[in-house]
Structure formats: structure tokens, C-alpha cells
*Asks:* 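Okay, here's the structure, questions in a sec.
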Amino acid sequence: MASTPISQVLNRLYYESGRESEAKVRLGKLMCVSHEEVGNLTIGDIASSGKLDLVTPIGLRNNLKKIIGDGFKLPSPVHKLKVPAGSPATLRQIVVMTRHGARFPISPFPGNQNWPGDIPDFWKQYKGTLTPQGVEDHLRNGSQLKEYYFDYCKLTDPYGLLSDTCYIRSTNTQRTILSAWSLLLTLFPHGKIRIQIDGDKTTQKWKDDESSTIDDATLTIRVQFDKGKDVTKLKTHKTDEFKELHEKNANNDPKLNAWANDPWVVKLMDKAYEMTKEPKLAPDLKAIDRIKKIYKVNTNMTIDEYHNMVTLRNDRNLYLDAKEVLAIKEMAEHCWRLKWTGCMDDMQVQIARRGTREAMSLITKFHDNYVDRKKFPFVYLSNHDGYIAAALSAMNYKDWQVPGFGCYIIWELHEISPGRFAIGVRHNPLPREIPFRHCQLKKIPSRVTPWDEVEEGMISLEEYKQILAS
């Protein structure tokens with residue numbers, strides 16, 4: 001394996017996404033060789049360089065580690081779908097929950113010159129809005145899900161009576177509504193989109209076209225305008241009680257305290273402040289409080305990288321080296337997981353289920369509706385990263401990869417024998433780098449378990465309900 005050309009690895013890993021050239025550029029910068037010379041490198045060259053942990057994107061790094069450590073076989077250049085645990089013949093329903101695609105920053109850093117500064121009129125209109133790359137995220141998702149669930153598994157007829165088979169809901173933001181719209185364009189190419197605000201009585205009577213007598217190809221994206229009634233959104237993560245619990249967890253976390261006492265990390269916080277001028281990173285604040293806010297730096301770094309911008313462009317001409325980028329990502333991802341899992345396993349259940357109780361109950365109701373009435377074999381909820389993280393934690397998964405743009409969870413409901421149903425979960429944290437066919441169907445564990453240690457397969461629907469109720 002050590003002598004395998006890196007060009008062969010990149011060709012096999014990225015033949016579907018077309019991102020081979022981008023990966024070559026990143027590797028070239030890391031290994032200090034030209035774009036053309038990257039093709040002459042071998043896996044052994046990268047392993048012996050001591051830079052393996054600095055390889056980006058993360059998906060490439062993880063695959064290289066598998067190849068080096070586990071004899072991981074490269075995917076075939078000829079596309080083949082991986083048949084999951086649970087025969088496609090038994091599949092009855094999927095509930096898909098996605099994070100929106102790539103977006104504008106929610107608010108700019110005063111020092112980041114990639115974006116307009118503190119211009120209220122601009123940010124009032126564009127903050128958090130979906131970008132062209134965000135649309136692309138979900139066009140890709142829709143295409144891959146269609147290929148597996150509808151073309152291969154024959155879940156339903158994508159050219160059939162869609163209003164009776166599909167239920168679609170989005171939170172009330174531009175980025176989630178347009179993400180849902182983008183996914184549906186490739187999932188149901190002939191579908192006719194309409195958007196309906198809950199409680200709006202003026203759009204209830206309609207036809208697909210002049211000759212229609214029934215609703216056939218219409219896909220309604222339902223939007224709850226009243227935030228207080230929106231069961232697809234988190235309920236408690238902004239309450240004083242939740243914030244107090246999160247602060248307690250963070251302050252008692254051994255990793256955060258170790259980082260706060262590390263002079264190199266403190267110096268990195270100073271550099272991040274100089275690059276961004278973010279007040280919450282100011283040097284006069286406690287080190288641990290500055291580290292808690294580093295996730296915002298990581299988010300904006302990700303947005304810059306995603307859109308081919310100079311990372312955190314600033315007037316001081318300061319740049320982060322590969323080690324500093326990796327450290328910021330590690331700290332940010334740890335803080336994000338800590339928000340939903342706490343310091344201890346029993347605390348994870350307490351935090352996550354408190355925030356997701358109503359929405360998890362809604363998903364279970366969709367399962368029950370199918371079991372009892374064969375209603376809605378396809379359910380789609382367009383949401384945000386916080387809910388993806390909370391849902392994973394509520395189902396007893398821990399040490400999951402932080403949800404990236406366009407990520408998703410899929411609940412698969414199978415009828416393993418007449419009247420007996422089982423459920424399994426797929427999670428793709430980074431669809432831009434990880435094709436759907438690499439996503440394993442996993443059991444829902446009865447106790448808090450690292451994602452990578454959870455067995456493939458399914459558990460009974462009854463057992464799943466008991467776990468959520470415990």
C-alpha cells in the first residue's frame with residue numbers, strides 16, 4: 001500500500017464529486033510541491049512526512065489513515081451501490097433530516113476582509129443566506145438519494161402520486177427552504193414545488209394545471225411561520241437553564257481546562273483575535289471563555305474555504321499554518337460536541353433529549369403513521385446543524401463527526417416480517433466528501449456509545465421507542 005500513487009487514490013475517491021483537482025492543490029501546499037508533482041507522490045511519502053494529521057479535507061485524511069493502517073481497499077472506479085443491512089425489499093419508509101447547504105456568515109468578523117464589514121443593510125439582507133455552493137450541496141444529495149432509495153430500492157414511484165407519499169417540512173429560514181427546494185429538484189425531477197405557510201388558508205385550493213382533477217406531482221414544502229409552534233426546531237438550547245448547564249459542563253471539562261493552561265493555545269487565541277478582531281476572543285478575557293467561542297472562528301474558516309476564499313483574509317497579512325488550522329478545528333469541534341453531550345454519558349441524555357423531545361416525538365409519529373395507515377413513505381425535514389447534533393446525541397451516539405454543510409440523518413423503517421418493523425440510522429456528516437454509498441446503516445444503541453463502535457444493522461421499532469423514552 002505504501003507504494004500506491006496518491007494520484008490513484010484521489011482518482012478513486014473523487015471520481016463522483018469532481019474535486020480531485022482541489023484535493024491535489026491542498027496536498028501540494030502541505031507537501032511543498034507543485035500541483036503537477038503531487039501525482040508523483042505515494043501514500044508512503046505522506047505517511048513518512050509526519051504531516052498525515054494535517055491533510056485536508058478531513059475525508060481524505062481519514063481515508064488515507066484507513067489505507068495505511070487497515071489495508072483499506074480503494075473504491076472501485078465503476079460505481080456500485082453498497083447494499084445495506086436490511087434488504088431493500090423490506091424498506092418501507094425513510095425520514096430524512098438535512099442541514100442546510102453552504103451559506104453566508106451569520107455575522108461578519110470585523111477583521112475578515114473577504115466579506116463586507118459592519119454594513120447593517122447588507123447583512124440584514126444576506127446574513128445566513130444560501131450560496132451557489134449550498135444549492136449544489138443539495139442537488140448532489142437529491143441525486144444520490146434518488147439513485148439508491150427510488151431507482152434501486154423502489155421505495156415509491158418518484159413519478160407517481162407524490163402528495164400522498166411525501167411529507168416535506170422546513171424551518172422558516174431562506175437557507176433551509178432553498179436547501180429543501182434544491183434537493184427535491186433532483187430527487188423528484190418532474191415534481192411541482194409549492195411553498196405553504198402553516199395557517200395560510202388562501203392557498204388551500206389549487207390544481208397542478210388546467211386539466212388536473214387531482215393532486216399528482218405537487219410537492220408542498222410546509223413552513224411553520226410561528227417559531228413558538230415549530231416542532232422541528234430546538235426548544236431549550238437558548239433558555240437560561242440550558243445555558244447554565246452548558247457553562248457548567250464546559251468549565252468542568254478536562255480538555256478545555258488543559259487547553260486554557262497551554263501557552264501555545266493562548267498565543268493562538270491572540271493570533272485569531274488579531275486576524276478577526278472578534279470581541280469574544282479579546283486577550284483580556286479568560287482563556288477558557290475565549291476557547292469556548294473558537295467555534296465561530298472555525299465556522300467562518302469553513303465558509304471561506306468552502307467558497308475558495310483566502311482563509312480569514314485580514315489587513316495584518318496574518319495566516320494560519322496547517323498546525324494552527326488543525327488545532328482550531330479540534331477545539332471548535334470538541335466545544336460543539338460538548339454542547340450536546342456534556343462531560344458524562346448520563347448528562348448527554350439529559351441535555352440532548354431535553355432539547356429534542358418534541359421533534360423526536362414528531363419523527364416517531366411519522367413511523368407510527370406508516371405502520372398504522374401506510375402514510376408517507378418519504379418524509380423530509382430541512383433543518384440546522386444544532387438539531388442534527390442534538391438528534392444524534394438523543395439517540396445515544398457520541399463522538400460523532402461534527403455536522404457539515406448539507407449533512408443528513410436518515411431513519412430507515414423496514415418491515416422484516418408481516419407486521420414486525422425495525423429501524424436503523426444512517427448519518428453522513430460531510431456529503432461533499434463522503435458519497436452516500438459509504439454511509440453504513442447503524443443500530444440505535446441502548447446506552448451512550450461512540451458512533452464508530454455502534455454495530456451495523458437495525459433494532460425493533462418498539463425497542464427504539466423504549467430507548468427514546470428512557
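The model shown is predicted, which means the values in this text are computed figures rather than measured ones. Along the sequence shown, the residues carry numbers beginning at 1. Values below: every heavy atom of this structure, side chains too, minus hydrogens, waters and symmetry copies.
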*Asks:* Do any side-chain atoms of residues 175-183 form donor-acceptor pairs under 3.5 angstrom with protein atoms, and if so which ones, sequence neighbours left out?
*Replies:*
unit_1	atom_1	unit_2	atom_2	d
R175	NE	H100	NE2	3.4
R175	NH1	G128	O	3.3
T176	OG1	S170	OG	3.1
T176	OG1	T171	O	2.9
T176	OG1	T171	OG1	2.9
T176	OG1	T173	O	3.1
T176	OG1	T173	OG1	2.6
S179	OG	G101	N	3.0
S179	OG	R175	O	2.6
S182	OG	L178	O	2.8

*Asks:* Could I get the full list of side-chain hydrogen bond (donor to acceptor under 3.5 Å, both in side chains) partners for Y380, not counting sequence neighbours?
*Replies:* T98
*Asks:* Is it true that a side-chain atom of S393 and a backbone atom of A389 form a donor plus acceptor pair closer than 3.5 Å?
*Replies:* yes
*Asks:* Just jot down the ring-ring contact (aromatic ring centres under 6.0 Å, His included) partners of F188, sequence neighbours excluded, or say none.
*Replies:* F150, F378
*Asks:* Return the set of residues passing side-chain hydrogen bond (donor to acceptor under 3.5 Å, both in side chains) with H367 (not counting sequence neighbours), or none when no residue passes.
*Replies:* Q93
*Asks:* Do Y370 and F376 make the cut of ring centroids closer than 6.0 angstrom?
*Replies:* no
*Asks:* State which residues pass side-chain hydrogen bond (donor to acceptor under 3.5 Å, both in side chains) with W336; sequence neighbours excluded, sorted by chain then number.
*Replies:* none
*Asks:* Between atom CD1 of I363 and atom CG of L381, what is the distance when rounded to the nearest 0.5 Å?
*Replies:* 6.0 Å
*Asks:* For the aromatic rings, using the six-membered ring if either is Trp, is the centroid distance between W451 and H427 under 6.0 Å?
*Replies:* yes
*Asks:* Is the shortest heavy-atom distance from the side chain of I294 to the side chain of N298 under 4.5 Å?
*Replies:* no
*Asks:* Quick one: which residue pairs count as a ring-ring contact (aromatic ring centres under 6.0 Å, His included) with a foot in residues 283-304, not counting sequence neighbours?
*Replies:* none
*Asks:* To the nearest 0.5 Å, what is the distance between CD1 (I303) and CG (N114)?
*Replies:* 10.5 Å
*Asks:* Taking the side chain as everything from C-beta on, heavy atoms only, tell me whether I388 gets closer than 4.5 Å to M97.
*Replies:* yes
*Asks:* Are R316 and M275 side-chain neighbours, meaning at least one heavy-atom pair lies under 4.5 Å?
*Replies:* no
*Asks:* Determine, using ring centers only, whether F104 and W115 are less than 6.0 Å apart.
*Replies:* yes
*Asks:* Pick out which of N428, L441, L145 makes a side-chain contact (heavy atoms from CB on, under 4.5 Å) with I410.
*Replies:* L145
*Asks:* Should S107 and K296 be marked as a side-chain hydrogen bond (donor to acceptor under 3.5 Å, both in side chains) after you check the CA-CA gap, both sets of side-chain angles, and the distance that decides it?
*Replies:* CA-CA 10 Å; S107 60; K296 185 177 178 183; 3.3 Å; yes
*Asks:* Does the pair E456/K442 count as a salt bridge with the N-to-O cut at 4.0 Å?
*Replies:* no
*Asks:* Within the 4.5 Å heavy-atom criterion, are T449 and N396 side-chain neighbours or not?
*Replies:* no
*Asks:* Applying the side-chain contact (heavy atoms from CB on, under 4.5 Å) test to Y408, which of C439, P429, P403 qualifies?
*Replies:* C439
*Asks:* With a 4.5 Å heavy-atom cut-off, do D198 and R169 have their side chains touching?
*Replies:* yes
*Asks:* Under the side-chain hydrogen bond (donor to acceptor under 3.5 Å, both in side chains) definition, can you give me all pairs with a residue in residues 253-269, not counting sequence neighbours?
*Replies:* D253-H334
*Asks:* Which atoms form the tightest heavy-atom contact between P105 and W123, and what is the distance?
*Replies:* O-CZ3, 3.4 Å
*Asks:* Have R420 and S417 got a donor and an acceptor in their side chains that come within less than 3.5 Å?
*Replies:* yes
*Asks:* Please step through salt bridge (charged side-chain N to carboxylate O under 4.0 Å, His left out) for the pair E136 and R140, ending with a clear verdict.
*Replies:* CA-CA 6 Å; E136 185 180 289; R140 183 191 311 111; 3.4 Å; yes
*Asks:* Considering only residues two or more places apart or on different chains, which pairs with a residue in residues 457-470 satisfy side-chain hydrogen bond (donor to acceptor under 3.5 Å, both in side chains)?
*Replies:* R353-S470, D368-K465, W411-Y464
*Asks:* Do M458 and H414 have side chains that get closer than 4.5 Å, going by heavy atoms?
*Replies:* yes
*Asks:* Can you find a heavy atom in the side chain of L184 that is under 4.5 Å from one in the side chain of H138?
*Replies:* no
*Asks:* For residues 374-402, which residue pairs pass the salt bridge (Lys or Arg N to Asp or Glu O under 4.0 Å) check, not counting sequence neighbours?
*Replies:* R99-D385, D345-K398
*Asks:* Which residue pairs pass the salt bridge (Lys or Arg N to Asp or Glu O under 4.0 Å) test with at least one member in residues 400-409, sequence neighbours excluded?
*Replies:* none
*Asks:* Rounded to the nearest 0.5 Å, what separation is found between the CD1 atom of I193 and the CG atom of L185?
*Replies:* 6.0 Å
*Asks:* Salt-bridged, D372 to K365, with N to O below 4.0 Å?
*Replies:* no
*Asks:* Under the rule for side-chain hydrogen bond (donor to acceptor under 3.5 Å, both in side chains), what residues qualify as partners of R447, not counting sequence neighbours?
*Replies:* none
*Asks:* Evaluate whether atom CD of E274 has more than 12 neighbouring non-hydrogen atoms of other residues, nucleotides or ligands under 6.0 angstrom away.
*Replies:* yes
*Asks:* Atom CE in M395, atom CD1 in I423: separation rounded to 0.5 Å?
*Replies:* 8.5 Å
*Asks:* Side-chain donor-acceptor pair under 3.5 Å between N251 and K292, yes or no?
*Replies:* yes
*Asks:* Taking all heavy atoms of P431 and all of N141, pick out the closest pair and write down the distance.
*Replies:* CB-OD1, 3.3 Å
*Asks:* R103: what forms a salt bridge (charged side-chain N to carboxylate O under 4.0 Å, His left out) with it, not counting sequence neighbours?
*Replies:* none
*Asks:* Could you walk me through whether D321 and K271 pass the salt bridge (charged side-chain N to carboxylate O under 4.0 Å, His left out) check?
*Replies:* CA-CA 11 Å; D321 62 32; K271 185 175 181 178; 5.5 Å; no
*Asks:* Does a donor on one side chain sit under 3.5 Å from an acceptor on the other, for D452 and Y397?
*Replies:* no
*Asks:* Could you give the distance from CD (Q196) to CZ (R222), rounded to the nearest 0.5 Å?
*Replies:* 6.5 Å
*Asks:* With salt bridge (charged side-chain N to carboxylate O under 4.0 Å, His left out) as the criterion, how do E278 and K293 come out once you've worked through the C-alpha distance, each side chain's angles and the decisive distance to 0.1 Å?
*Replies:* CA-CA 10 Å; E278 167 57 42; K293 301 303 180 183; over 6 Å; no
*Asks:* So which atom in K146 and which in T186 form the shortest heavy-atom distance, rounded to 0.1 Å?
*Replies:* CD-O, 3.3 Å
*Asks:* What closest approach, in Å, do L312 and D304 show between heavy atoms, and which atom pair accounts for it?
*Replies:* N-OD2, 2.9 Å
*Asks:* Parallel, tilted or perpendicular: which describes the rings of Y148 and F436, with under 30° parallel and over 60° perpendicular?
*Replies:* tilted
*Asks:* Mind checking the CG-OG1 spacing from N300 to T276? Nearest 0.5 Å is all I need.
*Replies:* 8.5 Å
